[in-house]
Number of protein chains: 2
Amino acid sequence: MIKIALAGYGTVGQGVMDLFQKRREEIQRRLGEEVDICYVLVRDRERERDVGLYGAELICDAKEIFNDGEVEILIEVTGDISLGYALIKEALEKRIHVITANKSVLSLHLEELSALAEEYGVYLLYEASVGGGMPLIKPLQELSVHGEIRALRGLLSGSCNYILTKMQKEQTSYEDVLEKAKALGYLEADPIDDVGGFDARRKLRILTTLAFRGKVDEKDIVLEGITGIELRDISCLSHMGYAVRLVAQAFKENQCIQAAVHPLALPHSDFLISMDGPENGVEVFGDHFISFGFRGFGAGRYPTAHAMLSDLEDVFFSLRRKESPLGVEGLRIIPYQKKARFYIRSAVPLEFGVDQQLEENVWITTPVAYNVLKAALPREAVAIALGE
Amino acid sequence: MIKIALAGYGTVGQGVMDLFQKRREEIQRRLGEEVDICYVLVRDRERERDVGLYGAELICDAKEIFNDGEVEILIEVTGDISLGYALIKEALEKRIHVITANKSVLSLHLEELSALAEEYGVYLLYEASVGGGMPLIKPLQELSVHGEIRALRGLLSGSCNYILTKMQKEQTSYEDVLEKAKALGYLEADPIDDVGGFDARRKLRILTTLAFRGKVDEKDIVLEGITGIELRDISCLSHMGYAVRLVAQAFKENQCIQAAVHPLALPHSDFLISMDGPENGVEVFGDHFISFGFRGFGAGRYPTAHAMLSDLEDVFFSLRRKESPLGVEGLRIIPYQKKARFYIRSAVPLEFGVDQQLEENVWITTPVAYNVLKAALPREAVAIALGE
C-alpha cells in the first residue's frame, strides 16, 4: 500500500481529500496497488469541516508522519510559510515525495528545495502553485527544458482582475469595488497581498525561474500594485481603447532577464483582455515561432485540488523527471528598462517629454525607459504603460 | 545508440531534423546515451531540400527501416494516408515507438492503432496532430483519464479563421479573400479540405475521442463549412455584435455525445474571438469547475516539429503512459440537437418561428433545435447559430 499524508485540512485540503476519494478506485485499478491518505495533519483538532476523513488519522504533530516510516507522499496545503517549509524540507530529506500549492514557500526556497528533491531522488511537484485551474507548470517546464523561452506575460491575480474589470464595467470607484469584493469573500480583510501585487509577484518568480532556468528572486522583480489607480484613469484609458490590468511579465534579451509586475493598459483586442474577472491567463513566447496562451481559474478548492491530484498521479506512474527543473544557467537580472509610452496622472507637472495632454494633470509621455520614468516621477503620481 | 527513422522529408520533416540536431547534444547529455536519426525515407531522392541530412541515410524503401532491427522510434510525417497508415501499423507491430502528425490516419484508425500500441507495449504519440503550437493533446489526455470532461469547443482551422477575419476586417468578399490566401500560399489549389471543414472535423474527431474516451467517427460529426457565407452575412452579424467563426465543438449530456463543426456567430467578448488569423484556440470544460483555454499556432514547420520533439523526449525518458488513452466507455453518439437562435439568409420564406426580420430574406429564428432547422431549411439557405 502507498501511504499518503495530507498536511493542512482547510479549503484546498478538503478538496484534495474529496477528489482523491472519488478517483481512488480508478487509480488503484490502474496501479495494481492500494493507495490511501493515512494521515491528516491539522493545527486545531476540533474545528468543523465539510469533508469527512475517510478513515484517515487526524494528527497535530508532524512527527507521526515522519516516524511512521512508510509514508511515501506528502501533500502540503498548510498555507503557512514556516510550517510548510519545515514540512517540505524534512519530507524530502526523508525521501518522501512532496506535492505542494504553497507559492510563498516555493518563491522563497525554490532552488534549495529543488536541489534537495534531486539529491534525495524524489519528486517536488507544484502544478497547483500558479494558475491551479490550468495546466501551466508542466508545459512550461517542458518547454524550458528545451531551452526556448524568450518571454512570458500574464494576469496572475484573480482579485486584481476582478477589481479592475468591475471598475471599468460598472464605473465604480476602487474603494467601492474593494468593499464589495471583501463582502463577497473574494478578498482578505487586509487585501494588500493581492492588490499590492505581492501574490502575483510570487507566482511570476516561480514562472520566471522555470522559464529561464536560473535563479530570480522576488526582489529582482519590479513591483507596483493597483492601489493608486482611480476610476478616472480607467475611464480615460478606456476612451482611448485600452483596458487596465495588473500584468506580470518577464523577458530575456542578450542573456539578461527583466521582470515586472505592474499595471498596464492593453488594447481591447489583447488576448489577456479576454480573461473574465477571477480568471488567470498566461502567454508564453518561445523560439521557432512557438507561442501559446493559457487561461483558466487561478484558484478555488477544486481547481487547486485537481492540479494536485494530477501531480499525485504523476508520482504514482513516475511520469515526471526527478531532476531539478531549474537549470544551472547563470542568469543576469538587470533593472526593468523597457521603454514605453506612459499614461501619467500627477499633481505636479512632468519633467520629461509629453506626447499629449489629456486633461489638466493627466499626460501621455513620449517613449521613455521604465527606470528613467521611476526616477523622475513625482511622488504619488500614477503611471500606466500603454500596451507595452 | 537509439536509432530513429524519419519518414517524410517535406516541410515538417526537415523542421524535425533541424530542431533535433540543435537539441541532440543536450538530450544525449541528459540521457547518457547516443541518439541519432539514421534513416530518412522519401519518395523522390532527387528533390531539393533546405535542410541537410546530418549523416542520415536517404532511402526510398521502408523495408530498410524495418529490416534494420535496431530502429526504436519512427517519426512519421509523410502526409500520406495509405503510406502513413501502413508505416505506423508495421512499426507498432515491430515494437517500434511511433510519433506522428498525420491527422488523417489518426482520424480513420485511432482505435486500431492505439490498441496495437498497447498490445505491443510501445508509444503512439501525436501531440503535433492538433494545434501543433500549443500543448493540447497531453493535458487533454490527462484530464480525460480523470474522467472529467463535459465539453470542448475550439477554432481548429487556421485557414478558415484567416478568411473569416479578413472578410470582416477588410469588408472583402469570400472569393477575393480566397484568391489572396491562395496567392500567399495559405491555401491549397483546391481548398475544400479547409473551407469545407474536413480538416477541422478530423481534428475534432481526435479531440472528442480523447476527451470522452470512446469511439467517435468522422461521420458522427455534423459538418458545415464556410463556403456559403457571404460578406453581407458577416457585416449584418457584426452590426449585431457578433463575429463569425468556424467552431468545432462536442459535449456530453446524459451519457450521450453530440459533436459538430459549423459556422457560429460569437459575441466579440468570447475567448475564441481573441485568436488572431491563423491561430487555433481550444476551450475545455470539466467537472469541479475546471475550465481552461489554449491558443497557439496550429501549424507550420517549427510549431509542428517542436510538438514532435516534445513527444520524442517523452519516449526517451518514458514520460507517458503506454496504455491506450482512448478508454473503453460505450459512447452513444446522438444527432446534433442543440437549440439556438439562428441567423438565416434564404431566398424562400422560412417555415419556422421568426424573432426578427433583418432585411428582406434575412431573418433570425426563435430558438430551434439544429436537427429541426436542418430538416426544414430551404436549399442554399445559410444558417449561422448565434453565440450558442
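Every chain is numbered from 1 and lettered A, B, ... according to where its sequence line falls, protein lines coming before strand lines.
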Practice task
Find the one option among B:P135, B:S274, B:G15 whose heavy-atom pairs under 4.5 Å with chain A are most numerous.
Solution key: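 Most pairs with chain A among the choices: B:P135.
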Problem - Winner by heavy-atom pair count (cut-off under 4.5 Å) against chain A, out of B:N280, B:D270, B:L143 - result: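 Ranked by contacts with chain A, first place is B:L143.
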Practice task
Check each atom of B:I273 against the heavy atoms of chain A and say whether the ones under 4.5 Å are side chain, backbone, both or neither.
Solution key: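 When you check distances to chain A, no heavy atom of B:I273 falls under 4.5 Å.
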Practice task
Under 4.5 Å heavy-atom distance to chain A, tell me which part of B:D314 shows up: side chain, backbone, both or neither.
Solution key: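 Only the side chain of B:D314 comes within 4.5 Å of chain A.
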For the atom pair [atom1] ([X]) and [atom2] ([Y]), what is the distance rounded to the nearest 0.5 Å?
X	Y	atom1	atom2	result
B:E279	A:S291	CD	OG	5.5 Å
A:R321	B:R30	CZ	CZ	4.5 Å
B:E142	A:H306	CD	NE2	8.5 Å

Practice task
Using a cut-off of 6.0 Å, state whether more than 12 heavy atoms not belonging to B:K322 lie near its atom NZ.
Solution key: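 Yes.
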Practice task
Check the surroundings of atom CD in A:E33: do more than 12 heavy atoms from other residues, nucleotides or ligands lie under 6.0 Å from it?
Solution key: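 More than 12 within 6.0 Å, yes.
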Practice task
May I ask you to decide whether A:R23 forms a salt bridge with B:E148, counting only side-chain N to carboxylate O separations under 4.0 Å?
Solution key: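 Salt bridge between A:R23 and B:E148, a charged N being under 4.0 Å from a carboxylate O: no.
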Problem - Residue selection (most heavy-atom pairs with chain B, distance under 4.5 Å) from A:R320, A:E323, A:E283 - result: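 Counting heavy-atom pairs under 4.5 Å, the top option is A:E283.
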Problem - Heavy-atom proximity to chain B below 4.5 Å, by part of A:L19 - result: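 Side chain only.
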Handout entry: Set of residues satisfying side chain to side chain donor-acceptor pair (under 3.5 Å) with respect to B:K166, sequence neighbours excluded
Key =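 Partners of B:K166 under the side chain to side chain donor-acceptor pair (under 3.5 Å) test: B:E170.
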Practice task
May I ask you to test the A:F294-B:P139 pair for a side-chain heavy-atom distance under 4.5 Å?
Solution key: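 The answer is no, as the side chains (C-beta and beyond) never meet within the 4.5 Å cut-off.
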Exercise for the section: Answer yes or no on whether B:R295 is positioned over the face of A:F271, meaning its NZ or CZ is under 6.0 Å from the six-membered ring centre and within 45° of the axis. Expected result: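 Yes, a cation-pi geometry holds between B:R295 and A:F271.
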